[in-house]
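Everything below concerns the one structure shown next.
These values consider heavy atoms only, across backbone and side chains, with no hydrogens, waters or symmetry-generated copies. Only a predicted model underlies this, so the values are computations on that prediction, with no experimental measurement involved. For the single chain, residues carry numbers from 1 onward in sequence order.
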Amino acid sequence: MIYRVVNAERMPQVEELWDYCFEKRLEPFFQYYFNEYVGKNNMVIGGFEKFGPEDAEGKQREKLRTMVHVNPYMLRIHGEEQLTPYLVGVATAPEARGQHAFGPLLTTTFDVLRSEGFTFATLMPIYAGIYLPYEFAYCYYGLQYKMKLADLGRELAQAKGKELAVERMELSKELLAPLYAKLTSNYNGVPMRTDFQWQKLLTVHGLEGMQCAVVYRAGEACGYMFYYLSEGCFTVHELLTDGADARNRLLQYAAMHQSSATDFSWLAPAWDKTYLGFADQALSPQLRPFMMARCLDARKALAKLAVPSGALTGSVVLLLTDKVIDRNNHLLKLYVEAGSIEVKTTIEQEEVIMDMGTFTQLYFGAFSATELYEAGRIRVKAGAEEKLELLDSLFPKQRNFINEYF
């Protein structure tokens with residue numbers, strides 16, 4: 001099989017495979033995605049197989065068998081903006097399934113992205129087991145609330161928030177963009193939604209019938225909620241506020257839709273504490289993994305790391321292993337002093353050992369070094385346990401937020 005970046009001539013085959021595996025050609029998202037976005041604002045990498053008889057020039061036709069779409073996002077990680085590809089539309093044609101076409105597709109993608117200077121990639125898996133062998137790891141989690149709208153209304157009946165005003169609004173970049181930027185300013189791994197990203201997001205939301213409610217405190221917008229009503233369920237797609245009272249007010253607004261829906265669903269941020277006031281503990285949410293990430297170039301990522309200010313000093317010898325990207329195996333010594341970091345190749349004995357999936361989780365701040373050590377994901381040489389304290393300070397635990405679906 002031949003793996004390459006797909007050109008315009010072969011794009012109809014990409015459309016055909018997407019139609020087979022995902023949305024159909026006549027659906028609004030398909031029309032927007034392929035008319036306005038694919039090939040213009042992203043890259044598609046595909047695996048092609050020769051088939052059929054040779055033509056007069058001795059060439060065979062090439063048929064697209066597998067593909068991945070590479071959609072660019074600017075993420076803020078440790079305060080630094082990093083252009084990070086989001087891998088979507090991973091699909092294999094039925095006639096090529098079971099032939100191990102996916103592995104070479106992914107390794108080709110890694111090679112292309114590394115050559116372009118990217119340090120990380122993200123994806124949202126349908127089944128994590130497909131990607132774990134390639135050292136993707138979950139870096140974003142959420143709390144999944146599922147209950148009856150009547151139960152939600154009862155649980156929030158006495159909660160603060162009723163004094164705030166809610167208005168159902170049109171999908172407006174002018175209102176939502178500055179509000180999103182303000183409400184996510186302290187989050188990590190968060191997409192920097194440019195004018196283009198907002199246009200793309202709101203266009204698709206409009207095509208899919210998304211609604212928007214904005215909450216106001218003393219006349220000033222302090223939060224918003226994207227939601228949709230479908231098949232008897234009020235589903236919160238995105239809810240961001242500056243406090244618990246604003247969040248409660250939007251949820252109380254949701255509970256007022258019992259004439260339109262019976263069920264309620266919301267994948268809240270992992271740090272949400274709405275459930276603390278629930279009388280019925282059975283309504284408490286379930287922790288759900290959301291999005292994975294993978295480091296493509298650990299040394300480059302470490303060079304970009306913003307070291308926390310203060311008196312943090314010390315050194316640690318890291319052995320970073322990568323089973324997929326050979327050039328991403330490193331034995332490095334990190335020197336930290338006066339708010340800066342120096343990364344050098346070393347021949348010293350390793351003190352802390354981790355694979356690339358674990359390093360990605362540590363770098364993103366999904367878990368602290370101590371937590372990963374306690375989970376058996378980090379190994380520490382005897383006598384070097386104090387190095388975990390340095391790593392905990394160097395990679396502080398973060399509130400990771402992302403809510404992009406394509």
Do [X] and [Y] come close enough that some side-chain heavy atom pair is under 4.5 Å?
X	Y	value
Thr194	Met74	no
Val307	Leu394	yes
Asn42	Val88	no
Cys139	Thr360	yes
Leu334	Leu318	yes
Gln13	Phe48	yes
Asn328	Phe110	no
Asp392	Tyr373	no

What I want to find out is whether [X] reaches [Y] closely enough, with some N-O distance under 4.0 Å, to be called a salt bridge.
X	Y	answer
Lys304	Asp297	no
Arg193	Glu404	yes
Lys63	Glu95	no
Arg114	Asp111	no
Lys50	Glu62	yes
Lys323	Glu135	no

Could you go through the side-chain contact (heavy atoms from CB on, under 4.5 Å) check for Phe120 and Leu75 one step at a time? CA-CA 10 Å; Phe120 292 96; Leu75 302 186; over 6 Å; no

Let's go through Leu143 and Leu267 carefully: what are the C-alpha distance in whole Å and the side-chain angles of both, what is the deciding distance for side-chain contact (heavy atoms from CB on, under 4.5 Å) to 0.1 Å, and is it a yes or a no? CA-CA 5 Å; Leu143 292 179; Leu267 184 63; 5.9 Å; no

Pairwise distance [atom1]([X]) to [atom2]([Y]) - rounded to 0.5 angstrom:
X	Y	atom1	atom2	value
Asp242	Cys222	CG	SG	5.0 Å
Cys295	Phe118	SG	CZ	14.0 Å
Arg247	Lys273	CZ	NZ	10.0 Å
Gln31	Arg25	CD	CZ	9.0 Å

Sole candidate of Leu239, Leu240, Leu171 that passes side-chain contact (heavy atoms from CB on, under 4.5 Å) when paired with Phe226: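 Looking at Leu239, Leu240, Leu171, the match for Phe226 under the side-chain contact (heavy atoms from CB on, under 4.5 Å) is Leu171.
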
Side-chain donor/acceptor of [X] to backbone N/O of [Y], under 3.5 Å:
X	Y	value
Asp263	Lys146	no
Thr235	Ser265	no
Lys397	Phe367	no
Gln281	Phe278	no
Glu351	Val317	yes
Asp245	Asn248	no
Tyr145	Tyr275	yes
Gln252	Ala159	yes
Thr84	Ala121	no
Lys333	Glu342	no

Minimal non-hydrogen separation, [X] against [Y], with atom names:
X	Y	result
Leu156	Thr274	CD2-CG2, 4.4 Å
Thr107	Pro104	OG1-O, 3.1 Å
Ser368	Leu362	C-CD1, 4.1 Å
Asn188	Phe364	ND2-O, 2.7 Å
Leu87	Leu123	O-CB, 3.5 Å
Leu229	Ala261	CD2-CB, 4.0 Å

Within a radius of less than 6.0 Å around [atom1] of [X], do more than 12 heavy atoms belonging to other residues, nucleotides or ligands occur?
X	atom1	value
Leu276	CG	yes
Glu163	CD	yes
Arg97	CZ	yes
Leu287	CG	yes
Phe196	CZ	yes
Tyr20	OH	no
Lys300	NZ	yes
Glu208	CD	yes

How are the rings of Tyr180 and Phe401 set to each other: parallel, tilted or perpendicular (split at 30° and 60°)?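 Tyr180 and Phe401: tilted rings.
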
Could you check whether the rings of His237 and Tyr405 sit parallel, tilted or perpendicular, using 30° and 60° as the cut-offs?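 Judged by the thresholds at 30° and 60°, the geometry between His237 and Tyr405 is tilted.
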
CA sep, side-chain torsions, deciding dist, call: Leu105, Ile45, side-chain contact (heavy atoms from CB on, under 4.5 Å): CA-CA 8 Å; Leu105 173 70; Ile45 298 174; 4.0 Å; yes

I would like to know whether Tyr37 and Phe29 meet ring-ring contact (aromatic ring centres under 6.0 Å, His included); could you show each step before the answer? CA-CA 11 Å; Tyr37 190 79; Phe29 178 81; 9.0 Å; no

Among Lys200, His69, Glu23, which residue meets the side-chain hydrogen bond (donor to acceptor under 3.5 Å, both in side chains) test with Tyr33?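 With Tyr33 as partner, Lys200, His69, Glu23 yield a single side-chain hydrogen bond (donor to acceptor under 3.5 Å, both in side chains), made by His69.
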
Can you confirm if the NZ or CZ of Arg294 lies within 45° of the ring axis of Tyr134 and under 6.0 Å from the centre of its six-membered ring?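 Judged by the rule (NZ or CZ under 6.0 Å from the ring centre, within 45° of its axis), Arg294 is not positioned above Tyr134.
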
Test: ring-ring contact (aromatic ring centres under 6.0 Å, His included). Region: residues 241-260. Which pairs qualify, not counting sequence neighbours?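 Passing the test, one end in residues 241-260: Tyr227-Tyr253, Tyr227-His257, Phe234-His257, Tyr253-His257.
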
Could you walk me through whether Asp355 and Arg377 pass the side-chain contact (heavy atoms from CB on, under 4.5 Å) check? CA-CA 8 Å; Asp355 63 27; Arg377 304 280 296 174; 4.2 Å; yes

Start with the C-alpha distance between Tyr363 and His78, add both sets of side-chain angles, then the distance that settles ring-ring contact (aromatic ring centres under 6.0 Å, His included), and finish with yes or no. CA-CA 9 Å; Tyr363 194 98; His78 291 288; 5.4 Å; yes

Let me see the working for Asp322 and Asn329 under side chain to side chain donor-acceptor pair (under 3.5 Å), right down to the final yes or no. CA-CA 5 Å; Asp322 195 319; Asn329 287 282; 5.7 Å; no

